[in-house]
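A short worksheet on the structure shown next.
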2 protein chains.
Amino acid sequence: MDAAIDRNMNKYHRKAMTVEAARELLQSRVRPVEPTEVELAEAIGRRLAAPIRTVEPIPHFRRSGMDGYAIRTADIAHASAALPIELEIIEHIPCGKEPLYSITEGKAARIMTGGMVPDGADAVIMQEMTEAVEHNGRSIVRIQKKIAPGLNITPIGEEAGEGTLVIEAGEKLGAGHTAILAALGYNRVPVYRKPKVAVLSTGTELLRLTDPLQMGKIRNSNAYMLMAQIIAAGAQPLLVGQIPDDYPKAERMLYDLLASDADLIVTSGGVSVGDYDSMADFFLRWEGTTLFNKIAMRPGSPTTAGAWKDKLLFGLSGNPSACFVGFELFVRPVIQQLQGAVVDTAKTVTCLLAADYEKVNAYTRYVRGQWYSSGGNHYAKPVGRDKSSTILSLKDANCLIVIPPTKTGIVSGEIVQIIPLDGALIV
Amino acid sequence: MDAAIDRNMNKYHRKAMTVEAARELLQSRVRPVEPTEVELAEAIGRRLAAPIRTVEPIPHFRRSGMDGYAIRTADIAHASAALPIELEIIEHIPCGKEPLYSITEGKAARIMTGGMVPDGADAVIMQEMTEAVEHNGRSIVRIQKKIAPGLNITPIGEEAGEGTLVIEAGEKLGAGHTAILAALGYNRVPVYRKPKVAVLSTGTELLRLTDPLQMGKIRNSNAYMLMAQIIAAGAQPLLVGQIPDDYPKAERMLYDLLASDADLIVTSGGVSVGDYDSMADFFLRWEGTTLFNKIAMRPGSPTTAGAWKDKLLFGLSGNPSACFVGFELFVRPVIQQLQGAVVDTAKTVTCLLAADYEKVNAYTRYVRGQWYSSGGNHYAKPVGRDKSSTILSLKDANCLIVIPPTKTGIVSGEIVQIIPLDGALIV
């Protein structure tokens with residue numbers, strides 16, 4: 001338990017932590033889940049649990065880069081249009097075939113792109129620069145121009161030597177990684193298993209999806225939003241449901257989950273200072289360590305997190321936008337780290353603000369925004385109403401714009417940091 | 001069948017089509033697959049098959065934006081520190097509870113953030129601006145300052161009125177969309193089914209994943225790379241395997257697939273003018289319409305596509321980078337359109353080229369690149385060796401840099417278009 005952290009932070013007199021400090025504190029707490037091994041096709045999109053090295057050099061044979069003829073450049077050193085050189089074609093080498101013969105003086109082999117260059121040859125001359133003729137029953141290639149040694153031949157190991165590190169552990173397997181793993185013969189791949197993330201909601205105002213609306217009540221949208229965010233982060237969401245109003249029951253449910261095989265627990269709602277904030281009460285009384293219960297940001301300042309043994313419990317705000325932002329800033333990196341990712345929380349993307357932002361605040365604001373490019377510059381502008389209870393504008397945002405604390409607002413054209421959201425700018 | 005299109009294009013004398021014309025031609029041919037209906041949790045990441053409108057206004061009741069007291073602003077119009085106004089607290093209104101009473105002169109109700117504002121009240125004063133006291137057994141709130149009418153109350157329908165279009169058909173369901181669908185009570189969601197995309201490879205040089213390397217042969221990496229790209233585009237890959245060397249068998253296999261329930265067929269390899277290019281031969285002789293067999297681009301100029309009845313068949317190049325680029329430019333938009341997406345192929349992202357690009361070409365080049373931001377500008381620089389047979393650098397690319405035809409190369413600092421790849425810039 002960290003001596004520096006108040007074990008049970010006061011519900012009313014909270015000390016705000018910066019976003020950066022909170023992210024670092026979380027990062028220091030997370031260990032990856034166990035590795036497992038899956039078929040290559042299933043590994044797509046997962047994170048690698050071990051570094052991948054080449055076993056053989058790539059390529060492992062001299063490879064032709066053209067359809068043409070494997071030749072000795074010395075043989076055609078004096079070729080010209082007036083005095084073309086004729087070489088005897090001794091073999092056809094398609095892709096996949098090991099050549100039968102070496103190329104000796106006056107000989108050539110027809111070869112396809114990707115084919116194995118025979119010994120003796122030191123270049124491949126492209127088909128379009130040659131003329132094939134039959135001559136007394138012999139196949140001949142006629143060449144009018146010399147070429148440089150090595151031309152159109154990829155040497156052994158040009159891409160990578162034997163034992164080269166080609167993919168680091170923790171990397172997410174995209175199309176390029178998948179191609180490499182296939183080329184290296186990985187039919188089974190070491191990846192981290194998908195972390196299980198339990199999702200709960202608090203609030204007597206929440207109706208189930210199938211319930212008709214009632215006065216004063218709303219349907220539970222945060223739990224489904226969090227599911228989508230958890231899936232996008234590469235984990236498996238477990239929709240647990242509602243935290244009971246009854247405190248002893250709520251407490252039992254949370255301890256049961258903390259002791260379950262869920263790797264992470266995320267709740268929404270009940271973290272502020274209202275009379276009915278069950279999560280705030282739980283974090284006040286529980287046997288775990290509350291890491292923070294106030295963040296110097298808007299929306300989502302009452303965002304809370306704690307550790308119970310090795311497990312993290314997040315209490316996100318119940319306001320949809322605050323819940324969304326709290327997830328993106330704090331929960332997403334934890335889920336990535338649980339899968340072995342090396343998360344650089346200092347990595348940023350810069351844009352020019354495309355509209356004046358007039359709202360002032362003592363805290364950093366994370367504003368839903370649209371990010372676009374024009375003339376080599378990248379711009380970001382706020383979308384929708386900047387109210388934390390607004391859910392409609394969430395779907396229009398492809399980034400969060402980071403508005404630092406300011407007493408005067410920020411004018412159009414100033415540089416701002418943004419946090420791109422999933423799928424941002426993908427055409 | 002389009003009269004404008006040569007039915008069987010010549011294998012050797014191909015006419016190059018621009019990337020833009022080829023994309024438009026494909027776009028005009030694609031119709032979405034059938035819609036289906038799935039549980040909301042399963043709909044995440046899929047594309048909507050029908051527009052979504054609100055049934056009730058959002059919010060459907062006057063909602064408090066603060067923890068505090070619902071009051072009549074008229075009652076506190078003359079409140080001051082010297083002469084605070086006292087109001088009787090007649091009710092506690094947590095979230096989810098319909099108020100029992102209206103607020104009349106001299107009365108107030110304690111209310112939580114998200115709670116339903118009672119009739120008669122025209123503002124909510126935040127808790128921190130008040131003092132609650134007990135007075136002769138009555139609960140009293142003491143207020144020292146007037147506030148404006150409407151403060152901290154979200155009016156009915158502020159986010160959206162009844163019957164407002166909130167999500168268009170064809171949109172991909174991210175976290176924000178999922179939240180909206182949950183709030184509107186969609187436990188089942190109309191989405192397009194996942195298109196089935198058959199993947200085949202040609203080439204006698206290809207080993208299976210589990211085969212040991214042999215001289216002249218390589219393992220089949222394109223098929224797995226394409227699977228990853230197909231999954232990222234939202235479709236379901238079907239790994240069919242190898243197209244037989246024997247032409248009649250290859251032809252039968254392709255016709256069987258064209259008649260199968262696969263929505264799209266993608267092959268890699270065998271499209272150039274080599275002696276063993278089975279796909280080029282198939283496109284020459286088949287009963288479908290070849291839409292193009294040469295694209296004015298590098299890599300991947302022999303990229304070929306054709307239509308057989310309503311089904312598209314792609315012959316991508318066998319070189320890994322050319323195969324990758326061919327998929328991103330031509331197959332990805334088709335897969336998106338099969339799921340109802342409105343694809344804007346003219347949408348671009350601009351960057352500044354971060355390094356001189358000296359290679360000249362008569363055709364547009366799509367160069368694997370890394371895209372990053374610095375000081376409000378966005379830069380892109382080529383990664384790895386720009387050879388189409390290179391697979392290692394594919395994993396390091398987060399964009400394709402579009403290098404237009406040029407006789408002099410392009411210097412650092414010039415504006416270029418890029419095509420972001422999946423996950424680009426996502427921290």
Side-chain angles (χ1 to χ4, degrees), chain A residues 40-41 44 56 60-61 67 94-98 112-114 116 159-160 166 174-180 182-183 185 187 203-205 209-210 213 215-217 219 221 224-225 227-229 231 274 276 320 347 349-350 352 373 375-376 378 390-392 394-395 415 419-420 422 425-427, chain B residues 40-41 44 56 60-61 67 94-98 112-114 116 159-160 166 174-180 182-183 185 187 203-205 209-210 213 215-217 219-221 224-225 227-229 231 274 276 320 347 349-350 352 373 375-376 378 390-392 394-395 415 420 422 425-427:
Chain A
L40 177 55
I44 293 166
E56 297 99 349
H60 66 289
F61 56 87
D67 289 343
C95 282
K97 193 187 156 201
E98 194 172 349
M112 298 291 102
T113 306
M116 179 172 173
E159 284 201 44
V166 286
H177 306 77
T178 306
I180 294 169
N187 64 320
T204 48
E205 78 279 22
L209 230 58
T210 48
L213 282 186
M215 273 302 147
K217 292 183 192 277
R219 295 195 192 92
S221 60
Y224 288 90
M225 181 180 74
M227 279 181 80
Q229 291 176 287
I231 291 169
Y276 305 89
K347 188 179 158 191
V349 171
T350 51
L352 304 176
S373 82
H378 284 236
T390 303
I391 64 166
L392 289 184
L394 270 180
K395 83 167 178 65
I415 291 175
I419 297 168
D422 250 344
L425 288 197
I426 301 296
V427 181
Chain B
L40 177 54
I44 292 167
E56 299 98 348
H60 67 287
F61 56 87
D67 290 344
C95 282
K97 192 187 158 200
E98 193 172 351
M112 297 293 101
T113 305
M116 179 173 173
E159 283 200 46
V166 285
H177 305 80
T178 306
I180 294 169
N187 64 319
T204 47
E205 79 279 21
L209 229 59
T210 47
L213 282 187
M215 272 304 145
K217 294 185 189 275
R219 295 196 192 90
N220 183 356
S221 59
Y224 288 89
M225 182 180 73
M227 280 181 78
Q229 290 177 289
I231 291 169
Y276 304 89
K347 189 178 156 191
V349 171
T350 51
L352 305 176
S373 82
H378 284 236
T390 304
I391 65 167
L392 289 183
L394 272 179
K395 83 167 179 63
I415 291 175
D422 249 345
L425 288 196
I426 301 295
V427 179

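Within every chain, numbering begins at 1; the chains are lettered A, B, ... in the order of the sequence lines, protein sequences first and strands thereafter.
Considering only heavy-atom pairs separated by less than 4.5 Å from chain A, the leading option among B:Met227, B:His177, B:Gln229 is B:His177. Counting heavy-atom pairs closer than 4.5 Å to chain A, the top residue among B:Glu98, B:His60, B:Glu56 is B:His60. Listed options B:Arg219, B:Met225, B:Lys97 were ranked by heavy-atom pairs under 4.5 angstrom with chain A; first place goes to B:Arg219. Contact tally against chain B (heavy-atom pairs below 4.5 Å) for A:Gly216, A:Ala182, A:Gly176: the top residue is A:Gly216. Of the listed residues (A:Gly375, A:Gly174, A:Gly114, A:Ser373), the greatest number of heavy-atom pairs within a distance under 4.5 Å of chain B belongs to A:Ser373.
Between atom OG1 of residue A:Thr178 and atom CG of residue B:Leu394 there is a gap of 10.5 Å, rounded to the nearest 0.5 Å. Separation of atoms NE2 (B:His378) and CG (A:Leu352) is listed at 8.0 Å; rounding is to 0.5 Å. Atom SG in A:Cys95 sits 10.0 Å away from atom NZ in B:Lys217 (nearest 0.5 Å).
Both the backbone and the side chain of B:Asn187 come within less than 4.5 Å of a heavy atom of chain A. Contacts between B:Ile44 and chain A at a heavy-atom distance below 4.5 Å involve the side chain alone, from C-beta outward. If you measure heavy-atom distances from A:Ile415 to chain B, the contacts under 4.5 Å come from the side chain alone. B:Ile231 touches chain A through its side chain: at least one heavy atom from C-beta onward sits under 4.5 Å away, while N, CA, C and O do not. For A:Ile180, the parts lying near chain B are the backbone and the side chain together; criterion is any non-hydrogen pair under 4.5 Å. In this structure, chain B has heavy atoms under 4.5 Å from both the backbone and the side chain of A:Leu392.
Across all non-hydrogen atoms, the minimal contact from B:Ala179 to A:Ser221 is O-CB, 3.2 Å.
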